[in-house]
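To start, the structure under review is shown below, and the notes come after it.
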Number of protein chains: 2
Amino acid sequence: MKPTLQDVANAVGVSRSTVSNAYSRPDQLSAALRAKILDAARRLGYPGPDPTARSLRRGFVGAIGVLFTSELSYAFTDPFAVRFLAGVSQVAEQHSTSLLLVPLPHDRERARAAVDNAAVDGFCVYCVGDEEHVLGAIRDRGLPLVTTAPATAGPADRFVGIDERAAARSVAAHVAGLGHRRVALLGDTVLPDAPPGPLRLAAPGDAPRPTTHGRLSGFADAFAAVGVPWPAITVVNAAGNSRAAAAAAIAPVLAGDDPPTAVLACSDVLALGVLDAAGPRSGLSVSGFDDVAEAADAGLTTVRQPAEEKGRLSAALLLEPPADPADGHVLLPTDLVVRTSTGPVPRS
Amino acid sequence: MKPTLQDVANAVGVSRSTVSNAYSRPDQLSAALRAKILDAARRLGYPGPDPTARSLRRGFVGAIGVLFTSELSYAFTDPFAVRFLAGVSQVAEQHSTSLLLVPLPHDRERARAAVDNAAVDGFCVYCVGDEEHVLGAIRDRGLPLVTTAPATAGPADRFVGIDERAAARSVAAHVAGLGHRRVALLGDTVLPDAPPGPLRLAAPGDAPRPTTHGRLSGFADAFAAVGVPWPAITVVNAAGNSRAAAAAAIAPVLAGDDPPTAVLACSDVLALGVLDAAGPRSGLSVSGFDDVAEAADAGLTTVRQPAEEKGRLSAALLLEPPADPADGHVLLPTDLVVRTSTGPVPRS
DNA sequence: ATTCAGTGCTGTATCGATTCAGAAGCTACC
DNA sequence: GGTAGCTTCTGAATCGATACAGCACTGAAT
């Protein structure tokens, strides 16, 4: 087998501790002896202190876990998630801390096992869908935790996010202000296992995903304010957060009789899919959410939330815990970005 | 302190082994006893077997390291890298294996330390620039290794990539076939620390980065074949793989007298930057490399290489080592994709 | 000559689990 | 009744390092 620290110690004729010091605390021994030890180590083919053993003894790992409550590839597929990760990685890099991306099986038991097996000093959870059991598993391990979904943040958890409802209200108010009254709201997996297309949702709050919940509620608020009651609004479900899924979901609605004059989507990606389906110059007003890079190119009206900043803060909250726990909950600002994809109701 | 497995064992009055079995090998004890143990564990607040200790004892970790030989945020900034990661994550997910993204300090000594400290079962190295010392550190640890840069792959290493030179030759031949003779080649960090803008490069092979090296060589091949010698070609250096850096680097060249009629970039991102700088309908022919999503929208002529497949194969080579070591080196196919960004030389 | 501080190194305890050979108890069958 | 064969559980050894108290020695100050 591979030589261990002990073998090197034997070869040189010193104690294990000294060899350990040669690697980790060079100031604790003479330069000459250190050179001799490193030399012997090289000769023996000693690969250096084992990181696992070192972590065990030291009591910390030097890595934080990043969890996406969905397929791991979501993290690299969704443009907003990618920028979030970019932010996380910047701060991690400053702290010489690694990022452990843990794939989360759908099966609850296996998901818990995945959390339990992750060798990390804390978790950063990017909330996509239903994550309560994941958060529970993390809390059970007693590890520090930062989430991006407000409703789910426990008292000891740190949190960074936006006021989803108010942000959604701001775009919706803009659209309502343009005169739209026949509107559709488009979300990803509004209800679990719901088929793509229009959906019956008794109240916006019935959507289990916290972000969807918040955004639909905000949309509803703004339309209620101009006299459009919830039941008069069409809710459309997309089977996934992708342009294709959005286009497929919205197509029947646009083709139906009495189609909406505006579609408010819960994400830019979905909104872009609506534009794909509607075609340019259709007169349909479309709004998105997040303000990803593609939104600007497409002239999409949307709500900007600071993606990288969200990631940076998440990591910072984990790696530089605030002295005052009250500072552990951060609400980021959002901005309504009006572009060309929304306009007045066509006369026709 | 937190209770350990031993504490649970004491509480229930069984041996440590039995508690361990309750967690990891449920078939080794009666259901009744197992329930009793898990119950006691819950009561005591035992967080479950410590992943670090478990890894130490078991001898493996259940994670693979992913290294970018540049800032970690590059991984999330460059669209090609993102898709590569998406591929890696898909296969990792199938194997219930986590991904450890390790930030690599520029300082060589600290970079080695970062590699040495990573608790992983193997490494996947996405080669951006100079990585020889990083690969050396990994080999010294005796861990399996997959790289994406051919020149640097040691005999025992696995490798997945493309024939950079032949791929580059194919776009360049296309551009040459359109009649272009006054051309510029644009690369990111062609020489370390070189300023942005035109550059003196004695031979394509003098570029230290292996991919740049390969691509410039391929470009040179194709132009040599139509009688344009290397010294007649302008090589331009961009300070970073971004649109902005590319635009800044190419601007003086386009503004100079005797500007090129075509620019061949070493990546799509750079090519898009050239288009930004040149403006639409400039008559300038521009080609890219990789075929990222944005390339299609911009009508960019480019060489497609299968990004996700590259990632998937990298991970697969690590997680399902081929029986025959000869299968450890994979060369992926590339395709010339001709779009509207290249055309005949304008008369003027 | 004696104390003191400082350097350089050693030994032992410890981190928290897994592994595996084997003991104990229990059923079953000839 | 004895032995074989299970299932269930135990104990000791082990994984590979780090932390810390303490010992021996050196050189300077008292």
Side-chain angles (χ1 to χ4, degrees), chain A residues 1-38 40-41 44-62 113 116-121 140-143, chain B residues 1-38 40-41 44-62 113 116-121 140-143:
Chain A
M1 270 323 287
K2 265 205 176 42
T4 73
L5 209 151
Q6 177 75 74
D7 299 320
V8 177
N10 294 342
V12 182
V14 296
S15 81
R16 247 201 329 275
S17 320
T18 304
V19 179
S20 175
N21 284 335
Y23 280 94
S24 308
R25 287 148 56 168
D27 55 315
Q28 295 295 302
L29 37 54
S30 65
L33 180 56
R34 181 170 129 95
K36 197 165 140 197
I37 289 174
L38 295 184
L44 293 175
Y46 174 63
D50 181 288
T52 307
R54 167 177 278 178
S55 302
L56 173 60
R57 184 63 245 241
R58 285 189 167 163
F60 72 90
V61 177
D116 284 344
N117 266 313
V120 295
D121 302 321
D140 288 350
R141 271 191 63 183
L143 290 177
Chain B
M1 269 321 289
K2 266 207 175 43
T4 72
L5 206 148
Q6 177 76 72
D7 300 320
V8 178
N10 294 342
V12 182
V14 296
S15 80
R16 250 203 324 276
S17 323
T18 304
V19 179
S20 175
N21 284 335
Y23 281 94
S24 308
R25 285 145 60 165
D27 55 316
Q28 295 296 302
L29 37 55
S30 64
L33 180 56
R34 181 171 129 95
K36 198 166 138 197
I37 290 174
L38 296 184
L44 293 175
Y46 173 63
D50 180 287
T52 307
R54 168 177 276 179
S55 300
L56 174 61
R57 183 62 244 239
R58 286 190 166 161
F60 72 92
V61 177
D116 284 345
N117 266 315
V120 296
D121 301 322
D140 288 351
R141 271 192 64 184
L143 289 177

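This is a predicted model, so every value here is computed, not measured. The sequence lines fix the lettering, A, B, ..., with proteins before strands; numbering per chain opens at 1.
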For this session: Let me know the distance between CG of A:N117 and C1' of C:dG16, rounded to the nearest Å.
Result: 14 Å
For this session: Kindly say if A:Y46 contacts the phosphate of D:dA17, meaning a side-chain N or O under 4.0 Å from OP1 or OP2.
Result: yes
Exercise. Within the modelled atom types, does a donor on one side and an acceptor on the other bring the side chain of B:R58 and the base of C:dT18 under 3.5 Å apart?
Worked result: no
For this session: Report yes if a side-chain nitrogen or oxygen of B:S15 is closer than 4.0 Å to either non-bridging phosphate oxygen (OP1 or OP2) of D:dC9; otherwise report no.
Result: no
Problem set entry | Nearest-Å distance for atom pair CD/C1', residues B:Q6 and C:dC15 | 13 Å
Problem set entry | A:R16 side chain, from C-beta outward: closest of C:dG16, C:dC9, D:dT18 | D:dT18
Exercise. Is there side-chain contact between A:I37 and A:V14, with heavy atoms separated by less than 4.5 Å?
Worked result: yes
Exercise. Any side-chain heavy atom of A:T52 within less than 4.5 Å of one from B:T52?
Worked result: yes
For this session: By nearest nucleotide on DNA chain D, pick out whichever of B:A53 and B:Q28 is the more 5' one.
Result: B:Q28
Problem set entry | Integer-rounded Å distance: C:dC9 P and A:N10 CG | 17 Å
Exercise. Would you say the side chain of B:S17 and the base of D:dG11 hold a donor-acceptor pair, judged only by whether the two atoms sit under 3.5 Å apart?
Worked result: yes
Seminar exercise, completed: Taking every heavy atom of A:L29 against every heavy atom of A:T18, the minimum-distance pair comes out as CD2-O, 3.5 Å
Seminar exercise, completed: A:L29 atom CG is separated from C:dT7 atom C1', nearest whole Å, by 11 Å
Problem set entry | B:L56 side chain, from C-beta outward: closest of D:dT10, C:dT10, D:dC15 | D:dC15
For this session: Rounded to the nearest angstrom, tell me the gap between atom CG in A:D50 and atom C1' in D:dC15.
Result: 9 Å
For this session: Output yes when at least one side-chain N/O atom of A:S30 is less than 4.0 Å from OP1 or OP2 of C:dC9, else no.
Result: yes
Exercise. Going by heavy atoms in the side chains, are B:V61 and B:V120 under 4.5 Å from each other?
Worked result: no
Seminar exercise, completed: Among the nucleotides D:dT18, C:dA17, C:dT18, whichever has the atom closest to the side chain of B:T4 is C:dA17
Exercise. Below 3.5 Å, does any donor atom in the side chain of B:S24 face an acceptor in the base of C:dT18, or the other way round?
Worked result: no
For this session: Please determine, for the side chain of B:L5, which listed nucleotide (D:dA17, C:dA17, D:dG11) has the closest atom?
Result: C:dA17
Seminar exercise, completed: To the nearest angstrom, the CG-C1' distance between A:L33 and C:dT10 comes to 12 Å
Problem set entry | Nearest-Å distance for atom pair CZ/P, residues A:R25 and D:dA17 | 16 Å
Exercise. Side-chain contact, heavy-atom cut-off 4.5 Å: A:S20 with A:R57?
Worked result: no
Problem set entry | d(CG, B:N21; P, D:dT8) in whole Å | 11 Å
For this session: Using a 4.0 Å heavy-atom cut-off across all strands, classify B:R34 as base, sugar-phosphate, or nothing.
Result: nothing
For this session: Please state whether the phosphate of C:dT18, meaning OP1 or OP2, lies under 4.0 angstrom from any side-chain nitrogen or oxygen of B:R54.
Result: yes
For this session: Quick one: closest heavy-atom pair of B:D7 and B:T4, and the distance?
Result: OD2-N, 2.7 Å
